[in-house]
Undergrad: 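Sharing a structure with you now.
Counting from 1, the numbers follow the sequence of the chain as shown.
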Amino acid sequence: MFLRYQSTFKGHIGIRNNSTVKYMRMYKTAFNYALKSGLIDKNPFDLYEGKVVETDAVYLTPEELKTIETTEITAGRLVKTKDIFIFCCYTGYAPADASALKDENLVSDNNDDFWILANRTKTSMHENVPLLPPANRIINKYRKLQPTLLPSISNQKMNEYLKEIAVLCGIKKKTDLVYGTPHFCHNCNFGKRHQNRKRLLNDGTRKYPADAALCQSAGHKYQRRYEKTNGQV
């Protein structure tokens, strides 16, 4: 059954190779547990040898992000979606993490710069993320309107609305919440774009000694994922 979803089936494209491999690995893990528990005699998924294909990370350029920020949108649902997506781009947060932020997650340092202190939902990692001016403006726009700092929209609706926003902005790249973190990682390598980033990066060089810090800020549990995003592997 799973093989037919790796390609076009009845005019619809199903899950791709990497998703298939990950699902099969989960099945294999579950059946290994059943095997160790004596519930089965053999793991039928041992014969599966699918491999994950490395793909290039996709991110918005600074110019494309600026286009999204400056394009005038009137529909309320799209305005809210645009704001949440921009917030994710400037913080590296996933929507689940962004929508859970509260006032107590904001702290200021000795220089009166604000930081976000929170645990990532996916990795349970605790990290400090600089609150850059664009993200701070979005928080100030929505705070006090709900118990959390930002409104909540389901991933399905967010990605659906982002496609509409991409059309309005003339952007042909696939724009969904998955690419908020790669954009955060990539754009931080422009160094001088925001002064607050200097705590994470050194300006003027391509290879930064703060790679590990930025990796953590972007929510990556493993630095290889961050390096892949920035073309270092």
Side-chain angles (χ1 to χ4, degrees), residues 59-60 62 65-66 68-70 73 76-155 157-158 161-162 165 175-203 208 210-221 223 225-226 229:
Y59 52 81
L60 296 174
L65 179 61
K66 190 66 176 178
I68 294 178
E69 292 182 79
T70 57
I73 296 176
R77 59 186 175 84
L78 298 184
V79 171
K80 188 182 297 185
T81 299
K82 183 181 81 168
D83 288 339
I84 295 175
F85 178 72
I86 291 172
F87 180 86
C88 291
C89 286
Y90 279 104
T91 61
Y93 272 96
D97 297 316
S99 63
L101 294 174
K102 297 183 178 181
D103 281 310
E104 53 262 35
N105 295 121
L106 298 182
V107 299
S108 59
D109 58 21
N110 295 333
N111 296 314
D112 293 326
D113 292 325
F114 280 94
W115 293 70
I116 303 173
L117 274 64
N119 292 331
R120 295 281 183 168
T121 301
K122 185 175 181 179
T123 62
S124 298
M125 293 176 61
H126 183 79
E127 60 213 18
N128 308 333
V129 176
L131 184 60
L132 305 178
N136 194 21
R137 286 194 293 270
I138 293 172
I139 284 180
N140 291 333
K141 178 179 178 179
Y142 290 100
R143 72 192 312 170
K144 309 301 183 184
L145 299 180
Q146 62 278 314
T148 54
L149 294 176
L150 297 174
S152 178
I153 304 178
S154 69
N155 280 6
K157 287 297 182 182
M158 282 286 293
Y161 297 157
L162 281 170
I165 293 173
T175 53
D176 58 36
L177 287 166
V178 173
Y179 298 118
T181 299
H183 174 82
F184 172 75
C185 294
H186 177 77
N187 245 22
C188 276
N189 280 340
F190 286 86
K192 298 179 182 178
R193 187 177 175 94
H194 294 290
Q195 186 176 3
N196 288 353
R197 289 192 179 118
K198 292 180 181 178
R199 286 171 179 77
L200 292 177
L201 307 171
N202 290 333
D203 293 334
Y208 298 100
D211 277 354
L214 184 54
C215 167
Q216 185 181 23
S217 293
H220 296 318
K221 190 172 183 179
Q223 188 167 337
R225 172 61 178 144
Y226 160 77
T229 300

Undergrad: Please list all pairs passing the salt bridge (charged side-chain N to carboxylate O under 4.0 Å, His left out) test where one or both residues lie in residues 76-91, with sequence neighbours left out.
TA: Arg77-Glu164, Asp83-Lys141

Undergrad: Quick one: closest heavy-atom pair of Pro95 and Asn155, and the distance?
TA: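 Looking at all heavy atoms of both residues, the shortest contact is CG-OD1, 3.0 Å.
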
Undergrad: Sort and list the pairs that fulfil salt bridge (charged side-chain N to carboxylate O under 4.0 Å, His left out) and have at least one residue in residues 89-102, not counting sequence neighbours.
TA: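 Counting only pairs at least two positions apart or across chains, the salt bridge (charged side-chain N to carboxylate O under 4.0 Å, His left out) contacts touching residues 89-102 are Asp97-Arg120.
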
Undergrad: Quick check for you: to the nearest 0.5 Å, what is the distance between Asn119 atom CG and Met125 atom CE?
TA: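 Going from the CG atom of Asn119 to the CE atom of Met125 covers 10.0 Å.
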
Undergrad: Using the test salt bridge (charged side-chain N to carboxylate O under 4.0 Å, His left out), find all partners of Arg137 that sit at least two apart in sequence or belong to another chain.
TA: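 Checked Arg137 against salt bridge (charged side-chain N to carboxylate O under 4.0 Å, His left out); zero matches.
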
Undergrad: Less than 4.5 Å apart, any side-chain heavy atom of Arg143 and any of Leu106?
TA: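 SC-SC contact between Arg143 and Leu106 confirmed.
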
Undergrad: About how many Å separate OG1 of Thr148 and CG of Leu150, when rounded to the nearest 0.5 Å?
TA: 6.5 Å

Undergrad: If you define the side chain from C-beta out and look only at heavy atoms, does anything of Ser108 sit under 4.5 Å from Asp113?
TA: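 No, their side chains stay 4.5 Å or more apart.
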
Undergrad: So, Asp109 side chain and Asn111 main chain: donor-acceptor pair closer than 3.5 Å or not?
TA: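 At least one qualifying donor-acceptor pair exists.
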
Undergrad: Evaluate the side-chain proximity of Phe85 to Ile68: yes if any heavy-atom separation is below 4.5 Å, no if none is.
TA: yes

Undergrad: Rounded at 0.5 Å granularity, tell me how far OG1 in Thr91 sits from CG in Asn136.
TA: 12.0 Å

Undergrad: Heavy atoms, side chains only, cut-off 4.5 Å: are Leu101 and Phe87 in contact?
TA: yes

Undergrad: Could you tell me which non-hydrogen atom of Pro151 sits nearest to which non-hydrogen atom of Ser99, and how far apart they are?
TA: O-CB, 4.2 Å

Undergrad: Looking only at atom types and distance, does a side-chain atom of Asn128 sit under 3.5 Å from a main-chain N or O of Leu117, one as donor and one as acceptor?
TA: no

Undergrad: Do Phe114 and Ile139 touch side chain to side chain, with heavy atoms closer than 4.5 Å?
TA: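 When only atoms from C-beta onward are counted, Ile139 and Phe114 do not touch, as no gap falls below 4.5 Å.
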
Undergrad: Taking side chain as C-beta onward, heavy atoms only, is Leu65 less than 4.5 Å from Cys89?
TA: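 Touching, per the 4.5 Å side-chain cut-off.
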
Undergrad: What heavy-atom pair brings Asn105 and Ala100 nearest, and what distance separates the two atoms?
TA: OD1-O, 4.2 Å

Undergrad: List the atom of Lys157, the atom of Ile153, and the distance in Å for their closest heavy-atom pair.
TA: CB-CG2, 3.7 Å

Undergrad: Taking side chain as C-beta onward, heavy atoms only, is Val129 less than 4.5 Å from Tyr93?
TA: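 Counting from C-beta outward, Val129 and Tyr93 do come under 4.5 Å.
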
